[in-house]
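The structure appears right after this line, and notes come after that.
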Amino acid sequence: MAKKKIKETIAEITEEFLTNEGLELYNVEFVKEGKDWFLRVYIDKLSDNTEEYVSTDECEKVSRFLSDELDRLDPIEQNYYLEISSPGMDRQLLEPKHYAKYAGKLVEVKLYKGVDGKKSLRRYPCWLNRR
């Protein structure tokens with residue numbers, strides 16, 4: 001199964017459950033490390049309050065739900081390890097909604113190419129390009 005299709009499948013499976021739990025899907029990764037495959041599902045609080053964090057109990061609840069659904073539907077052919085976690089404090093902002101959530105907040109920006117000899121800008125106000 002293609003990685004994009006896996007992300008879409010996980011989104012479909014979890015959408016209603018996560019919403020009912022006050023959570024949202026942040027990101028999905030399906031990666032091979034060595035000989036093993038890992039399905040990593042990152043969840044976040046649904047609210048716009050950036051001070052709320054996902055608890056280990058919430059991760060466990062989502063893990064049990066998603067594990068049961070994946071066993072029932074069996075959409076992934078190969079064996080894999082399922083991991084559920086929050087994106088953490090060092091989260092990457094990947095989608096426009098992630099940037100919107102942190103608009104006006106102080107963030108650390110890491111660059112591929114340095115600016116004035118720096119590849120990291122600390123305490124930089126997050127902005128959303130609204131074209």
Side-chain angles (χ1 to χ4, degrees):
M1 178 181 281
K3 289 182 184 182
K4 183 165 180 109
K5 179 104 168 116
I6 290 173
K7 287 183 178 189
E8 292 169 358
T9 300
I10 299 302
E12 289 172 11
I13 292 171
T14 61
E15 182 177 19
E16 183 178 348
F17 178 81
L18 291 175
T19 301
N20 290 339
E21 296 297 320
L23 300 166
E24 67 180 341
L25 186 64
Y26 193 86
N27 193 26
V28 176
E29 296 176 346
F30 189 59
V31 295
K32 187 173 184 181
E33 294 179 3
K35 62 182 175 79
D36 297 318
W37 282 90
F38 292 85
L39 176 58
R40 294 190 176 113
V41 177
Y42 300 92
I43 58 175
D44 201 9
K45 291 289 189 177
L46 190 56
S47 75
D48 287 336
N49 182 354
T50 58
E51 298 302 315
E52 290 187 58
Y53 301 103
V54 175
S55 72
T56 54
D57 289 340
E58 289 168 316
C59 288
E60 181 181 355
K61 194 171 191 179
V62 172
S63 179
R64 290 180 191 277
F65 168 79
L66 186 54
S67 180
D68 289 346
E69 288 299 298
L70 290 170
D71 286 346
R72 184 176 67 80
L73 299 170
D74 199 22
I76 302 172
E77 296 173 7
Q78 64 262 47
N79 293 333
Y80 58 90
Y81 294 96
L82 175 63
E83 297 178 353
I84 309 293
S85 68
S86 81
M89 290 179 59
D90 292 336
R91 68 188 63 205
Q92 294 181 352
L93 304 180
L94 303 168
E95 299 178 18
K97 69 179 183 177
H98 299 157
Y99 287 90
K101 185 173 182 175
Y102 290 91
K105 307 280 192 250
L106 297 178
V107 297
E108 179 179 358
V109 177
K110 292 186 179 181
L111 308 170
Y112 288 108
K113 184 178 178 184
V115 174
D116 296 331
K118 295 181 182 181
K119 287 183 124 181
S120 179
L121 307 172
R122 296 185 190 277
R123 302 181 54 87
Y124 192 77
C126 182
W127 56 274
L128 179 63
N129 188 356
R130 301 176 192 255
R131 290 185 191 190

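In what follows, residues are counted from 1 in the order of the sequence shown. This one's a predicted model, so the numbers in the text were calculated from it and none came from an experiment.
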Tell me whether [Y] is reachable from [X] by hopping between hydrophobic residues (I, L, V, M, F, W, Y) whose side-chain heavy atoms are closer than 4.5 Å.
X   : Y   : answer
I10 : L46 : no
L73 : I84 : yes
L94 : Y99 : no
L39 : F17 : yes

Problem set entry | Parallel, tilted or perpendicular: rings of F30 and W37 (30°, 60°) | parallel

For this session: Before accepting this row, confirm whether a basic side-chain N of the pair K5/E8 lies closer than 4.0 Å to the acidic partner's carboxylate O.
Result: no

For this session: Any chance you could lay out the salt bridge (Lys or Arg N to Asp or Glu O under 4.0 Å) test for E58 and K61, step after step, and finish with the verdict?
Result: CA-CA 5 Å; E58 289 168 316; K61 194 171 191 179; over 6 Å; no

Exercise. Checking T19 side chain against E15 main chain: does a donor-acceptor pair fall under 3.5 Å?
Worked result: yes

For this session: Evaluate the side chain to side chain contact (heavy atoms under 4.5 Å, CB included) criterion for residues K97 and E24: first the C-alpha distance (whole Å), next the side-chain angles of each, then the deciding distance (0.1 Å), finally the verdict.
Result: CA-CA 12 Å; K97 69 179 183 177; E24 67 180 341; 4.0 Å; yes

Problem set entry | side chain to side chain contact (heavy atoms under 4.5 Å, CB included) between R40 and V28, worked out | CA-CA 6 Å; R40 294 190 176 113; V28 176; over 6 Å; no

For this session: Go through the steps to decide whether Y42 and E29 satisfy the test side chain to side chain contact (heavy atoms under 4.5 Å, CB included), and finish with yes or no.
Result: CA-CA 8 Å; Y42 300 92; E29 296 176 346; 3.3 Å; yes

Can you name the nearest heavy-atom pair linking [X] to [Y], along with the distance?
X   : Y   : answer
C59 : S85 : SG-CA, 3.8 Å
L25 : A11 : CD2-CA, 3.6 Å
Q92 : Y26 : O-OH, 2.7 Å

